[in-house]
Amino acid sequence: MDSAVADLPLASPLTAYRGLEDRLLDERIEAVRRRMGGRLVILGHHYQQDGVIAHADLQGDSYQLSAAAAARTDCEAIAFCGVHFMAETADILVNRPEKVADRGGRRVSVVLPDMAAGCSMADMAAIHQVEDAWADLGTVVDTARVVPVTYINSAASLKAFCGRHGGIVCTSSNARAVLDWAFARGDRVLFFPDQHLGRNTARAMGIGLEEMCVWNPHEPRLGGNDAARLAASRVILWQGHCSVHAMFRPEHVDAVRRAVPGVKILVHPECAMEVVDKADLVGSTSYIVRQVESAPAGTAWAIGTELHLVKRLGTNHPEQSIRFLSPVVCMCATMYRIDLAHLCWSLEHLEAGRPVNVITVDDDTARWAVTALERMLAVR
Ligand code: 13P
Ligand code: SF4
């Protein structure tokens with residue numbers, strides 16, 4: 001055993017890891033990866049800190065990481081460097097009943113290094129609110145013709161709701177294909193929790209703003225709409241948003257265009273419509289990475305997505321000129337909770353057979369959530 005591991009009792013609390021130098025934490029994380037080999041898979045979302053992403057077997061966007069979890073069914077454990085809904089999704093997909101049966105009943109442990117790594121947008125739609133909205137909606141339109149679509153940034157219970165009601169999950173990289181799927185099966189879509197992704201995607205499909213309305217879950221009746229407005233709406237947008245992407249403003253686009261002639265504005269579809277309308281290119285985090293990777297040297301970019309990804313692109317592409325779209329810091333505080341101390345702590349406990357922060361979705365929720373997730377994976 002490495003001397004560093006031997007120095008620390010395996011039941012050590014997280015506090016014992018906090019004061020350790022990054023260099024030592026890096027060594028210990030790599031030592032666990034070496035010893036566990038293919039039994040361990042570390043997945044990292046693009047918004048993770050550089051120090052954490054350096055240890056990931058795969059770095060990607062929400063769709064790519066879900067697909068990886070669905071495909072990697074042979075490992076013993078997945079450490080998910082991302083946020084809670086991503087680890088839940090990985091647990092649901094990697095522990096599909098037929099996969100668990102293939103492994104002789106063994107589940108893959110999905111570990112989230114810090115349980116406080118949540119998502120403020122996912123928290124804007126609770127299952128009781130969505131169920132209430134569905135019942136309320138049913139008093140004015142035929143919900144048999146409404147397809148519920150949840151952004152993957154949502155709790156497993158919302159994905160299960162979609163599975164039960166003929167609906168589907170989407171990510172920012174397949175939202176348009178998913179809406180096409182939904183409109184082939186119904187007249188209307190209830191889209192939650194991100195109003196911006198829903199609105200931006202629907203508009204790109206040619207659906208006008210007059211055919212959309214916003215459902216405010218805090219309003220006592222019909223989400224603050226009248227029956228006529230709902231009847232005229234093809235897309236009912238839940239009033240949720242990403243607090244990180246909400247900080248990009250159209251005036252930031254104007255300012256950077258004035259300052260940098262020829263600059264290309266590249267933004268994530270969680271940004272407000274007014275920002276997306278002024279941008280040159282719009283897409284998921286992996287789309288943003290691909291655009292930069294394939295651009296000629298000397299391209300000037302202003303990028304509207306989470307700060308850690310934009311900084312990494314700047315470091316990896318010194319041949320291009322990459323700036324952050326906003327003058328203020330827009331970083332995801334919950335993604336940032338995953339640090340080397342939490343990663344090392346969770347991996348050493350996992351290896352020692354005393355896993356911490358294991359994410360487990362109950363069987364009934366998982367059964368219906370996987371229905372909605374498999375529909376999504378099949379659409380692309
Ligand atoms: P993607 O990974 O789909 O680009 O979404 C970004 C995001 O906000 C994840 O929480
Ligand atoms: Fe949630 Fe926004 Fe953070 Fe993504 S960036 S995890 S949507 S708060």
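Both counts, for ligands and for their atoms, begin at 1 and track the order of listing. Values in this document were obtained by computation on a predicted structure and should not be read as measured data.
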Practice item. Sequence neighbours left out, what pairs pass salt bridge (Lys or Arg N to Asp or Glu O under 4.0 Å) with at least one residue falling in residues 138-163? Key: R145-D187
Exercise for review: Just the protein N/O/S atoms under 2.8 Å from atom 2 (Fe) of ligand 2, please, no waters.
Suggested key: C242 SG
Check your understanding: How far apart are the closest heavy atoms of V256 and V263, and which atoms are they?
Key -> O-CG1, 3.9 Å
Side-chain donor-acceptor distances from residues 92-102 under 3.5 Å, at least two apart:
residue, atom, partner, partner atom, Å
N95, OD1, R103, NH2, 2.8
N95, OD1, V108, N, 2.8
N95, ND2, D91, OD1, 2.7
N95, ND2, V108, O, 3.0
R96, NE, L93, O, 2.6
R96, NH2, A70, O, 2.5
R96, NH2, L93, O, 3.3

Exercise for review: Check the surroundings of atom CG in D363: do more than 12 heavy atoms from other residues, nucleotides or ligands lie under 6.0 Å from it?
Suggested key: no
Revision key, fill the gap. Taking every heavy atom of L40 against every heavy atom of L350, the minimum-distance pair comes out as CD1-CD2, 3.8 Å
Revision key, fill the gap. Sorted by chain and residue number, the residues having a heavy atom closer than 4.0 Å to an atom of ligand 1 are H45, Y47, D61, S62, F85, M86, Y151, N153, S172, H268, E270, S284, T285
Exercise for review: Using a cut-off of 6.0 Å, state whether more than 12 heavy atoms not belonging to E319 lie near its atom CD.
Suggested key: yes
Practice item. Would you check if the distance from the ring center of Y336 to the ring center of H308 is below 6.0 Å? Key: yes
Check your understanding: Any chance the rings of F80 and F85 have centres within less than 6.0 Å?
Key -> no
Check your understanding: Thinking salt bridges, do R72 and D74 make one under a 4.0 Å N-O criterion?
Key -> yes
